[in-house]
Amino acid sequence: MSGTRTGVAQAKLSQITVFPIKSTAGMHLNHAFVEELGLLFDRRFVLVDHKGKFITARTQPTLTLVHSALSENGLHVRAPNMPALEIDKRAFGHLYLDVEIWGTQVSGQWCHKDYDTWFSDYLGLPCRLLYFAEQSERLVKDRQTQVAFADGYPLLLISQASLDDLNERADESVTMDHFRPNLVVSDCTAFAEDSWKTIQIGEVRFSVVKPCSRCIFTTLDPFTGIKSELNEPLNTLQKYRKGSDGQVYFGQNLIALNEGKISVFDKVEVLEYQTPEEYVNHAPKLRSTALVDQAHQWNKQHTQVLTCVAVIEESHDVKTFRFSCTHIPKFSYLAGQYINIEVNIDNKPYKRTYTLSSTPTRPDLISITVKKLPQGKVSSWLHEQLEIGQSLVAHAPAGSFHLQKAPSEAPLLMISAGVGVTPMLSMLRYISDLEPSRDVVFIHAAKTQADLLCRQELSFFQSLLPNLSLHYFISREQVQTPALNPEVQAGHINQGVFELVKDLTKCTAFVCGPVGFMAQMKQYLLAAGLPSSQYHDESFGQKDGFGGNKKQLNILFDSWDTYVEGDNQLTLLEQAEQAGLSLPFSCRGGMCGACKVQLQSGEVRMLSDAALTPDERDAGVVLACSCVPQTDLVVSQH
């Protein structure tokens, strides 16, 4: 079947990218020649370790920071803190070495010892550079066509509309570079490419052979090599692009049916269609494409300089700091999210995370509300040193704790303690602007009445919002005039207070405060009948890494007869690999289940268990790629 469909007739090629060295940064081209192996120059080089296994950014993320440019006789390569490298094909030797690519042995031409030294110095481990040359051969699975060092297929295509659709749903925006496609198509509907079977671009006809399964590589920021704290975009893709095999899919793998030239702006003609794969969608849209575009304005730069325009004293130890940004006329974020700030104190860099207390409905400025902690280096600096007109560096807003986690019409229950009120302020300010009829019960705990932040503003909200109910609990002083302050009670929040909520089973609950406080509230709420899927919490203050303070642990890989002195920072898979073990894996993002192992004893922190069945979870099966040891462990093969 050939012809056109709605959203496809005007589709055109908008970007062409080649990746000369596997896992390194790509080069954008206006024109490219397509051959059997894919785009000319694409993934013709690969790095291998001392065992002959290929090296990728899945385990060596700084590879994404290596950039190449085509030269007359090879490549010009550059990387952070390294001298430029000229790779000259005329210097290649005649020796061929085997490299294992996803279980297949491929013969690659060894390039030169000087190139090996350069990459070994950069990565900090011994490696060799190989080239897919005349004597190299590798077939696409179940097909009689060749592929070089790409993962499985010669070419990858994604539409811009598909990326836009993802960013409208994800907690953290990503760029097309996260997915490393060779071809980007614009002017079509989201996931139109899923229904294409044969297409023509320029002089070349392509077969669309299968959707592309995605792995942890996509969570690496291509500009910094740093993994997403929110595991995006895999976290969102799992909710609406997950196949029956447990893999998540984004983009389409292609095979060229003939050789020829393609160019940016070439029309994409769909010659034949196919029935697309159907995916269950549990990822509602959180924002519009316009807001995504604004967010990218910050994300692409990664950090922005924010200028303080106001300092407001909220209480004796809490201040609100408001910021503007010259390069961002409108800030885009979700009510409840946070920003990471960077400051320099006594010539030492410090990073801290603070929840935004401002509302995205008033996007000209953003605010953080900060409590001065006795031993808080950064909070003390903010309180004592930051003045109007001064600046600091910040990363784009992020975080999965936000108002859009609740269905648009659901009644809300907000519970906070201390400075954990800040995301609630952002949410309530949003609601007062856009959802004045929404049912909200807000319960806040503080030590004294003087510690009740923004109480006057909250009372004003109560006059504006007919369905807002406020309740305060004071733990360290008597409430002198309860008749004048009926919403203020002495003591701690107790389970009986939830009788104030009309129908708890229909509420979405947001809880923010100290870890112990949140654990207690969760216990109360679930016991009172709140469905666990409707509970969301967020610990205020600085966000730690996987394990907080580093702690040494003992790990026995029993089936591999290997004992490791490990820690509570790296995943179990990473620590196994550091010990030279070859545990099975595929996606490295907790999606596919290839890395299942049996936990015989000890405790781990699970980053993802999406690929496990309930029976496997109960039996102590864990995903090596997505768990971090918390105590001494004994693990065995599953």
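For the numbers below, each heavy atom of this structure counts, side chains included, while hydrogens, waters and symmetry mates do not.
Annotation: side chain of F331 is not in contact with side chain of L356 (no heavy-atom distance under 4.5 Å). Side-chain contact between F179 and L166 is present, with at least one heavy-atom pair separated by less than 4.5 Å. Looking only at side-chain heavy atoms (C-beta outward), K371 and L373 come within less than 4.5 Å of each other. Residues L386 and F323 have side chains in contact (heavy-atom distance under 4.5 Å, counting atoms from C-beta outward). For the pair L382/Y354, a side-chain contact is recorded, criterion being any heavy-atom separation below 4.5 Å from C-beta on. For the pair S532/L526, a side-chain contact is recorded, criterion being any heavy-atom separation below 4.5 Å from C-beta on. Looking at N182 and T17, their side chains never come closer than 4.5 Å, going by heavy atoms from C-beta outward. Under the 4.5 Å side-chain criterion, counting only non-hydrogen atoms from C-beta, P629 is in contact with Q575.
For the pair I431 and L412, the tightest heavy-atom approach, listed with the atom from each and the gap, is CD1-CD1, 3.6 Å. Taking each heavy atom of Q247 and S213 in turn, the nearest pair found is OE1-CB, 3.9 Å. In plain terms, the two heavy atoms of V309 and S324 that are nearest each other are CG1-OG, 3.5 Å. Across all their heavy atoms, N253 and P211 have their closest contact at ND2-O, 3.5 Å. In this structure, F19 and T24 approach most closely via the heavy-atom pair CD2-O, 3.5 Å. The heavy-atom pair separating M424 from F510 by the smallest distance is CE-O, 3.3 Å.
When atom types are taken as modelled, the side chain of R429 and the backbone of A335 share no donor-acceptor pair closer than 3.5 angstrom. K319 contributes a side-chain N or O that, together with a main-chain N or O of H383, makes up a donor-acceptor pair within less than 3.5 Å. Looking only at distances, a side-chain donor or acceptor of T219 sits under 3.5 Å from a matching main-chain atom of I216. Proximity of a side-chain donor or acceptor of D221 to a complementary backbone N or O of I226 within less than 3.5 Å is not detected. Put simply, the side chain of S14 gets close to the backbone of V184: a donor and an acceptor are under 3.5 Å apart. Although no hydrogens or angles enter the test, the distance criterion places a donor-acceptor pair under 3.5 Å between the side chain of S358 and the main chain of S367. The backbone N or O of P531 sits nowhere less than 3.5 Å from a side-chain atom of Q534 that would complete a donor-acceptor pair. Side-chain atoms of H178 never come within 3.5 Å of backbone atoms of S173 as a donor-acceptor pair (strictly under, hydrogens ignored). Remark: side-chain polar atoms of N340 are not paired, donor with acceptor, to backbone N or O of H395 under 3.5 angstrom. Counting only distance, with no hydrogens or angles, the side chain of E232 and the backbone of D171 share a donor-acceptor pair below 3.5 Å.
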* Under the side chain to side chain donor-acceptor pair (under 3.5 Å) criterion, do Q160 and S186 qualify, and how do the steps go? -> CA-CA 5 Å; Q160 182 62 48; S186 61; over 6 Å; no

* Give the C-alpha distance, both sets of side-chain angles, the deciding distance and a yes or no for side chain to side chain contact (heavy atoms under 4.5 Å, CB included) between E277 and D194. => CA-CA 7 Å; E277 184 80 20; D194 289 359; over 6 Å; no

* To do: Apply side chain to side chain contact (heavy atoms under 4.5 Å, CB included) to the pair T369 and I312, showing each step before the final yes or no.
  => CA-CA 9 Å; T369 299; I312 302 165; over 6 Å; no

* To do: Begin from the C-alpha positions of H471 and V441 and carry the test side chain to side chain contact (heavy atoms under 4.5 Å, CB included) through to its verdict.
  => CA-CA 8 Å; H471 305 275; V441 175; 4.1 Å; yes

* When you look at R241 and D165, which way does the salt bridge (charged side-chain N to carboxylate O under 4.0 Å, His left out) test go after all the steps? -> CA-CA 12 Å; R241 297 286 296 178; D165 185 272; over 6 Å; no

* **Residues L157, V185; criterion side chain to side chain contact (heavy atoms under 4.5 Å, CB included); working and verdict** => CA-CA 7 Å; L157 177 147; V185 174; 3.6 Å; yes

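Heavy-atom contacts from other residues, nucleotides or ligands closer than 6.0 Å to CZ of R617 number more than 12. More than 12 heavy-atom neighbours from other residues, nucleotides or ligands sit within 6.0 angstrom of CD on E457. Other residues, nucleotides and ligands contribute more than 12 heavy atoms inside 6.0 Å of the NZ atom of K405. The number of heavy atoms from other shown groups lying within 6.0 Å of NZ (K210) is above 12. Within 6.0 Å of CZ in R169 there are more than 12 heavy atoms belonging to other residues, nucleotides or ligands.
Side-chain contact annotation: S416 with H444, donor-acceptor N/O pair under 3.5 Å present. For the residue pair Y338 and T422, no side-chain donor N or O sits within less than 3.5 Å of a side-chain acceptor on the partner. Counted by atom type alone, S162 and E193 present one or more donor-acceptor pairs between their side chains at under 3.5 Å.
Atom CD1 of residue I341 and atom CZ of residue R352 lie 9.0 Å apart, to the nearest 0.5 angstrom. Here the straight-line distance linking atom CG of L425 with atom OG1 of T359 works out to 11.0 Å at 0.5 Å rounding. Of the inter-residue distances, the one linking D164 atom CG with S159 atom OG reads 8.0 Å to the nearest 0.5 angstrom. Expressed to the nearest 0.5 Å, how far OG1 of T571 lies from CZ of R605 amounts to 12.5 Å. Summarising the geometry, atom NZ belonging to K242 is positioned 12.0 Å from atom CG belonging to L237; distances are rounded to the nearest 0.5 Å. Taking OG1 of T64 as the reference point, atom CG of D177 lies at 10.5 Å (rounded to 0.5 Å).
Salt bridge absent: D151 and R180 never bring a charged side-chain N and a carboxylate O closer than 4.0 Å. A salt bridge is absent between K551 and D567; no separation between the charged side-chain nitrogens and carboxylate oxygens falls under 4.0 Å. With respect to D537 and K522, no salt bridge is recorded, no charged nitrogen being found less than 4.0 Å from a carboxylate O.
By the 30° and 60° cut-offs, the orientation of the rings of F191 relative to F250 is perpendicular.
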